[in-house]
Amino acid sequence: MDFFFEILQFVVNNFIFILTVILFSSYILLAIISAITLRSYLRKNSYVDYNSIILAPVTPSISVIAPAHNEEITIVDNIRALLSLYYNNFEVIVVNDGSKDNTFKKMVEAYDLEKVNYFFDYRIPCERIKGVYKSKNRSFKKLTVIDKVNGGKADALNAGINISKNQLICSIDVDSIMEPDALLKMVKPFMEETDKPVIATGGVIRIANSCEVEGGQITQIRVPEKFLPRVQVLEYTRAFLMARMAWGRLNGLLIISGALGMFDKETVIKCGGYSTSTVGEDMELVVRMRRYMIERKLKYDVIFIPDPLVWTEVPSTLKILGRQRNRWTRGTIETLVTHKKMFLNPKYGILGFLSYPFWMFFEWLAPLIEFLGYVYFIFLIIFGQPNWSFFYLLLAFVFTFAISMSTWAVLFEEMTFHKYKHKSEIFMLILTGILEPFFFHPLIVFWSIRGNIDYLRGVRSWGKMEREGFKKKKKTE
Amino acid sequence: MVCRKLFICLIFGIISFFTSHSFANAPQSNADENNRRDSAYIDSITRIKSTKDDTSSEKLNTFSEKNYGPLYDYYLDKADRAYSIGFFKRAKRFYEKAALINPNSLYIKYRISQIDNTKGKLNSLILYFNFDKPGLLIRSLTYLVVYFIISMIIILLFILMNRRRMENIEKKEQYLKERYQELLVDYLFSSESSPVILKQFNDLLASSFNQKILINQMIDLSINLTGDAKEKLRNLYLVLYLDKVSINKVYSPHWHIKIKGFHELSFMDITDANEEIIRCLQSKNEIVRMEAQLAMVRLNHEDPFGFLDHLEKPFTLWEQLTIYETIIFHNIPVPSFDRWLFSKNKSVIIFAIRMIDLFKQKEAYSNLFWMLVNDDPEIRYNTIYVIGNLKNKEALPHLKRLYKTENYQNCRAIIQAMGKMPDISMLNFLKLVLDKEDDVQLQIDAAIAIHNMGEEGEKALEKLLDSDYKNYQIIVKHVLDKRIN
């Protein structure tokens, strides 16, 4: 029994300890690489005049594809915002993915749409397209609306790709708010490609809760008033500015957020488009595109842009947030399982040796291991085993580390894009960062466990995502 | 597959090697004894306490009664330190050396036995270390906790101070901008004597920050100035020795400062640092290279595009567009771009083809034709595209011939080019494309090209509309629908 106990202690303690050390070290390392890359990016782009892209006669053509499902409240404003993006060579394809409300009717009325004789090929399989609509008003000639049978977001994006006439596709969430110059910033890496073709670019998603919105544009940026969205501000800042930036630099980025990503259309089509069998279609597509290029020994690049390009409303209730995180977990597992061949496979270089193991251990398994750690600790307490003095020290270390990372995230934001102007907002963010490990993190672990269980149970649904809607600018007298 | 398994084995092997090697040799600790929950724990505590007491009293006695000498103390200190941070082999080595001097020390014997007894046993890393015996881990964690707390406080203070600093800078910048604008307007347009204004300028140029603001103001102003006023502004730049500031920037080892220098010199048309700028044309840093190219286009008055002759690195679309924009906005004389059609650099050839199109250089036709037989498909694609834009019908038979051998993208470009310069002689060929090709885009392109031929083309399409063969009806309807195209 003693021997068994000793082995158990050895395995559990050392495994968790080593994993924690690697996790924390990689966070620090990623943050350092991100900081260096960010500095270089900001310096480089301080001289860039994006207007030259607007005026340029030879620019890559872009199809902005926005799937819409039951978006009747915001769809008209959102399309207007998309049509007013700064770029000279683009079309907007809105895919009505079998909405049950008046989404389609509202679009038809607002933009004077009528069915056209559009001939296209189902180059990527998708649900039946019932009709393609264009506006009778030439002011909206950039707009194309597809009405199709419901098939989910990935399917709607595939339908949009089939209709697209342009070189690049830009997938967005129709309920997100794009920065007017987002296309300019995203297309630039495609224009800068040398012998390495750029196959995808992704940008930073920012949180629009409590921000004021008018005419589909953010007019006043604020830190969210509610705790849950506010803590997600820190989460997103850490994820985008302190991690993805570094992965982009290391050419190991595995995900481009579904809320905004730009892709080379032909590569997407060759890879078979978005996968409809996963709820993490955004990550899965990027991984598949990378695999496609590597397996054919083709040079390529995936670029991450640190500029805030799109604003989105994040869940502000535990119920909705839980569903979202559950879905994210399932999406991650599905992608990792689908591409398990990459794990520690030298053929995939940094993807196989760094990105994939990182995602596997620290995105998928870390919450599970953490949960096991809790169980093990309870077991130790029951048997009177814990070394309390060491426990308190380790606890202090973990919490101060977590809070410190959040503080660094606030600093990153402060030194780069400086979106939150009031001092009180900085204090609010730091206070949130202090509370996060106590109140928010355990929930994340819980939802991840639920996601794992749901994955094993074969749950494949997205889960209903209700939104509160953006805060409208108050009318002044 | 085998290779991957080997790698996995290797990784786990390394991990297990480190865990077993580093920690399995760790001596049995108080905490481990505690884990076993046997009386040995109490014994060991008692023993270690007693031995420690013995040793301290032994050391005291040694000091007062029998002195083993500084070497003994030195070995003991070294050994204790190595032991406390977990370097057990090293610790044992020093304990053994100390034991040679004082073979009767209970403390040394106990430590050596502790190290020896635990060889090969599994040990828990975490539970080994405890506060009674601070080890490397405990100390590291404590330091890190303190570091994290201090860093949080420092970051918060830094952010607050930075905000204050930025507010001050903003205020100062605003003040300086207004002041400089007044002085610049006075200098350029008023009758007030220059020396007075110059003195005012000099008084305000105390710091590099002030210089920076003035330079930015002068650059902004120069964009909207022409003729004498621009020349006067340039003279002011020289008189205030701001050119020296810009030249120093050009020679800076930091690329972002260098670029700033390029900008300033090209806006002020100062050629003194051209040599360094030319050197930067082959820089590995793509941003420096691009900015040097832009500067050269404006500062090399004899041959603004001469750098293209020697360009080895890829000339990206972004660089090409910024050069194009510079030509347009700064009235740079447009050269004959066919000069670079036979460059060794593929991207330079593509740039030349694009510029021939944008500046409608019809005199370049004869040379452009040669590009249709270039080995590189991208160059051929651009040539086909430009021939279509320039509506050079002489190329149609060549394009028709090329169609058989070209890749998909170039085939589409050929059909699109035919659509841009409709010619009835191509009708049968385009009908054949429509008939034989299965690709929807090629079919649509061919139908559009037929449609663009005017009356005859439309007739041909109407005929196809009546046909039930293939999907002609839907293609023709698509092409005829003006809302789509």
Side-chain angles (χ1 to χ4, degrees), chain A residues 2 5-7 9-10 13-14 17-18 43-44 46-47 49 52-53 55-60 114 116-121 123 134-136 141 188 190-195 343-346 384-385 387 389-390 393-394 396-397 400-401 403-404 407-408 410-411 414-415 418 423 426-427 430, chain B residues 3-4 7-8 11 15 19 23 31 34-37 122-127 129-131 138 141-142 144-145 148-149 151-152 155-156 158-160 162-163 255-256 259 263 286-287 291 313-314 316-318 320-322 324-325 354 358 439-441 444 471 474-475 477-478 480-481 483-484:
Chain A
D2 271 0
F5 204 76
E6 205 171 311
I7 288 178
Q9 273 187 348
F10 174 79
N13 288 340
N14 288 325
F17 179 75
I18 290 166
R43 277 178 177 170
K44 177 184 165 187
S46 61
Y47 298 100
D49 179 11
S52 55
I53 304 181
L55 303 168
V58 193
T59 46
E114 59 181 357
V116 291
N117 300 303
Y118 207 101
F119 182 43
F120 62 91
D121 202 1
R123 293 181 76 186
K134 296 284 286 185
S135 176
K136 281 185 254 181
K141 67 176 179 182
K188 189 170 166 266
F190 287 94
M191 296 170 76
E192 288 175 322
E193 68 184 23
T194 50
D195 54 335
F343 181 60
L344 295 181
N345 190 334
Q385 292 292 318
N387 179 339
S389 50
F390 187 78
L393 181 65
L394 206 58
F397 168 70
T400 49
F401 177 81
I403 297 164
S404 175
T407 323
W408 278 99
V410 176
L411 181 70
E414 178 73 12
M415 299 307 289
H418 195 62
K423 277 179 198 162
I426 297 296
F427 281 113
I430 291 198
Chain B
C3 190
R4 188 153 59 98
F7 267 103
I8 295 170
I11 295 293
I15 292 171
T19 51
F23 311 124
N34 184 19
N35 295 340
R36 289 162 188 269
R37 304 168 74 195
L122 285 172
N123 259 287
S124 147
L125 169 72
I126 292 171
L127 293 181
F129 295 98
N130 59 45
F131 286 118
I138 295 292
L141 288 180
T142 314
L144 283 169
V145 168
F148 289 143
I149 293 168
S151 74
M152 278 188 294
I155 289 172
L156 185 60
F158 176 79
I159 291 173
L160 296 176
N162 188 51
R163 293 231 155 173
W255 64 265
H256 62 287
I259 290 170
H263 264 248
E286 63 195 46
I287 311 154
E291 294 296 336
K313 301 273 185 325
T316 65
L317 177 59
W318 175 252
Q320 294 176 21
L321 289 178
T322 42
Y324 172 74
E325 201 200 18
R354 282 183 178 139
L358 295 174
D439 182 79
V440 170
Q441 289 307 322
I444 290 172
N471 41 22
I474 195 162
I475 295 172
K477 275 182 187 170
H478 175 103
L480 294 177
D481 199 327
R483 294 162 301 181
I484 299 173

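Naming convention: chains lettered A, B, ... in sequence-line order (proteins, then strands); numbering from 1 in each chain.
Interface remark: of the candidates B/Leu160, B/Asn162, B/Leu317, B/Leu317 forms the most heavy-atom pairs closer than 4.5 Å to chain A. With chain B as the partner, the residue from A/Glu114, A/Arg123, A/Met415, A/Glu193 showing the most heavy-atom pairs under 4.5 Å is A/Glu114. Options B/Lys313, B/Lys477, B/Glu325, B/Met152 differ in how many heavy-atom pairs under 4.5 Å they form with chain A, and the most are formed by B/Met152. The greatest number of non-hydrogen atom pairs below 4.5 Å with chain B, out of A/Phe119, A/Phe397, A/Phe401, A/Phe190, is found for A/Phe119. Taking A/Ile53, A/Asp195, A/Thr59 one by one and counting their heavy-atom pairs under 4.5 Å with chain B, the maximum is reached by A/Ile53. Annotation: maximal heavy-atom pairing with chain B below 4.5 Å, among A/Lys141, A/Lys188, A/Lys136, occurs at A/Lys188. With respect to chain B, the highest number of heavy-atom pairs below 4.5 Å among A/Val116, A/Val410, A/Asp121, A/Asp49 belongs to A/Val116.
B/Ile159 approaches A/Ile426 most closely through the heavy-atom pair CG2-CG2, 3.8 Å. Nearest heavy atoms, B/Arg483 versus A/Lys134: O-CE, 3.2 Å. Scanning both residues, A/Lys44 and B/Trp255, for their nearest heavy atoms gives N-CH2, 3.4 Å. Of all the heavy atoms in A/Met191 and B/Thr316, the pair that sits closest is O-CB, 3.5 Å.
With a 4.5 Å cut-off on non-hydrogen atoms, A/Leu411 touches chain B through its backbone and its side chain both. Looking at A/Glu192, the atoms closer than 4.5 Å to chain B (heavy atoms on both sides) sit in the backbone and in the side chain alike. Looking at B/Ile475, both its backbone and its side chain come within 4.5 Å of chain A, counting heavy atoms on both sides. For a residue to count as touching a neighbouring chain, one of its non-hydrogen atoms must lie under 4.5 Å from one of that chain's; by this rule B/Leu321 touches chain A with the side chain only.
Take A/Phe120 and apply the ring pair (Phe, Tyr, Trp, His ring centres under 6.0 Å) test, not counting sequence neighbours, and it matches A/Tyr122. Qualifying side chain to side chain donor-acceptor pair (under 3.5 Å) partners for B/Glu286, counting only residues two or more places apart in sequence or in other chains: none.
A 4.5 Å side-chain heavy-atom check between A/Ser52 and B/Trp318 finds at least one atom pair inside the cut-off. Inter-residue side-chain proximity for B/Ile149 and A/Ser404 is flagged as unmet; no heavy-atom pair is nearer than 4.5 Å. The shortest side-chain heavy-atom distance between A/Phe390 and B/Leu141 falls under the 4.5 Å cut-off.
Distance check, rounded to the nearest 0.5 Å: OH of B/Tyr324 to CG of A/Leu55 gives 9.5 Å. One distance of note links CG of A/Leu394 with CD1 of B/Ile138; it measures 8.5 Å at 0.5 Å rounding.
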Query - Full working for side chain to side chain contact (heavy atoms under 4.5 Å, CB included) between B/Asp481 and A/Tyr118 - result: CA-CA 8 Å; B/Asp481 199 327; A/Tyr118 207 101; over 6 Å; no
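Relative ring orientation between B/His263 and A/Tyr47 is described as tilted, the plane-to-plane angle lying within the 30° to 60° band.
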